[in-house]
Amino acid sequence: MEQEKVNESKELSADAASYCCSACHGDEDWGPGHPIRGRAKSRSLSASPALASTREFRRTRSLHGPCPVTTFGPKACVLQNPQTIMHIQDPASQRLTWNKPPKSVLVIKKIRDASLLQPFKELCVHLMEENNMVVYVEKKVLEDPAIVNDDRFGPVKRRFCTFREDYDDISNQIDFIICLGGDGTLLYASSLFQGSVPPVMAFHLGSLGFLTPFGFESFQSQVSQVIQGNAAVVLRSRLKVRVVKELRGKKVAIPNGISENGVLAAALDAEVGKQVMQYQVLNEVVIDRGPSSYLSNVDVYLDGHLITTVQGDGVIVSTPTGSTAYAAAAGASMIHPNVPAIMITPICPHSLSFRPIVVPAGVELKIMLSPEARNTAWVSFDGRKRQEIRHGDSISITTSCYPLPSICVRDPVSDWFESLAQCLHWNVRKKQAHFTEDEDGEEDGEQGAGS
């Protein structure tokens, strides 16, 4: 018995020889003098060793929660699994840097908006002449009559590199992206990159601008700061969506072998007769009843288990970024983009108890038509690529490993609350008036008389 205790003591001493948790304990080092229960060999967000001491933990400024205590009472603890340990950088410390100076930039301009032509021209001239950048634009942007007929813009226009959506793959040629317009330009930028996304700098020149924090008044200095690598970034998680459809004897047209997203549009599996499509989604996946007058009736699976059947107008599966879009209109909570989560929000459910829920970011959702469904359903991805879903088709959704790095004006927290206040007028209310001195005296006198 004594020998077992000695062996156990040696194991604990070896494993706990040097352990430092800056999130919980600041710069305090914990060694053999501070006993640790459990046998974790490295720090992790999912499983961390706990301290036997009951002293109050001192927190540093971090957007992560503290490392959880994983011992419960004198004998119970969480089983450690080294293969599932995750190391995630604190979002508050995420800053943009360049391995090499950026040389190419993609400028995305809102189409059919005459008010953006002058800012577009000024920005492109600045990028080409002041920063010697290679500027990419979509071909249809240069087909605007106001640009075609502008002789002064001609020399600059001839230096553009152009591309066509659905046909040209520019994913490996762009160092960073500048958006001019509203939130739709950021969603469009996301759709162009089905893998790694370059940093995105979004200027607020549209109608809402929740995702576009920069004003255009001082764009020269702001662009220079980004090129120098002096900016904070927020990593906006995206959804990886896989749509599997029965072919049903129809031929699939693939223009030039490339889809609208610059990747193979459909992978045809001859053995099972399925059409497989993949999308990267920044805001939300919406499954609805389409033009049918019947309720949509879809089954929702989480990691292979049926969790519910949605009977109503449809269901929204969104990222934290999308929580302030369609999901907010459907009654969901608004979630900061640094929170790792997936939201499931019903659209007008025919139930008094169907509330929106938030699930961990690592789960896999699968949505299919219920066997009892009277009609088909329709699905869209960030409001695009709308298509019909029939019996036998499935939609698999999980968090993508390719987030969209959005450049901040100040920092992720300040920018988000600024957008809530300015764009959505969050918690706007007329201030309650305070009591005057006379009213305070009258109230005290009434209380004294009552006693």
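Keep in mind the model is a prediction, meaning the values are calculated, not measured. This chain uses plain numbering: 1 for the first residue, then up along the sequence.
- Interatomic distance, CZ of Phe417 versus CH2 of Trp426, reported as 5.0 Å (0.5 Å rounding).
- Among residues two or more places apart in sequence or in another chain, the ring-ring contact (aromatic ring centres under 6.0 Å, His included) test is passed with Tyr294 by none.
- Contact check for Thr399 versus Val363: no side-chain heavy atoms found under the 4.5 Å cut-off.
- Within a 6.0 Å sphere centred on CZ of Phe210, other residues, nucleotides and ligands contribute more than 12 heavy atoms.
- Minimum heavy-atom separation, Thr319 to Ser237: CG2-O, 3.5 Å.
- Taking 4.5 Å as the limit, some side-chain heavy atom of Phe214 sits within range of a side-chain heavy atom of Ile407.
- Contact check for Val300 versus Val317: no side-chain heavy atoms found under the 4.5 Å cut-off.
- Salt bridge status for Arg384 with Glu165: present, with a side-chain N to carboxylate O gap under 4.0 Å.
- One finds no salt bridge joining Lys245 and Asp393 here, because no Lys/Arg side-chain nitrogen approaches an Asp/Glu carboxylate oxygen to under 4.0 Å.
- In terms of the ring-ring contact (aromatic ring centres under 6.0 Å, His included) criterion, Tyr188 has no residue partners (sequence neighbours excluded).
- Checked against a 6.0 Å centroid threshold, the rings of His126 and Phe219 count as neighbours.
- With respect to Arg390 and Glu388, a salt bridge is recorded, a charged nitrogen being found less than 4.0 Å from a carboxylate O.
- Taking the six-membered ring for Trp and thresholds of 30 and 60 degrees, Trp416 and His336 have ring planes more than 60 degrees apart, a perpendicular arrangement.
- Between Ser414 and Asp411, the side chains place a donor N or O and an acceptor N or O closer than 3.5 Å (distance only, hydrogens not considered).
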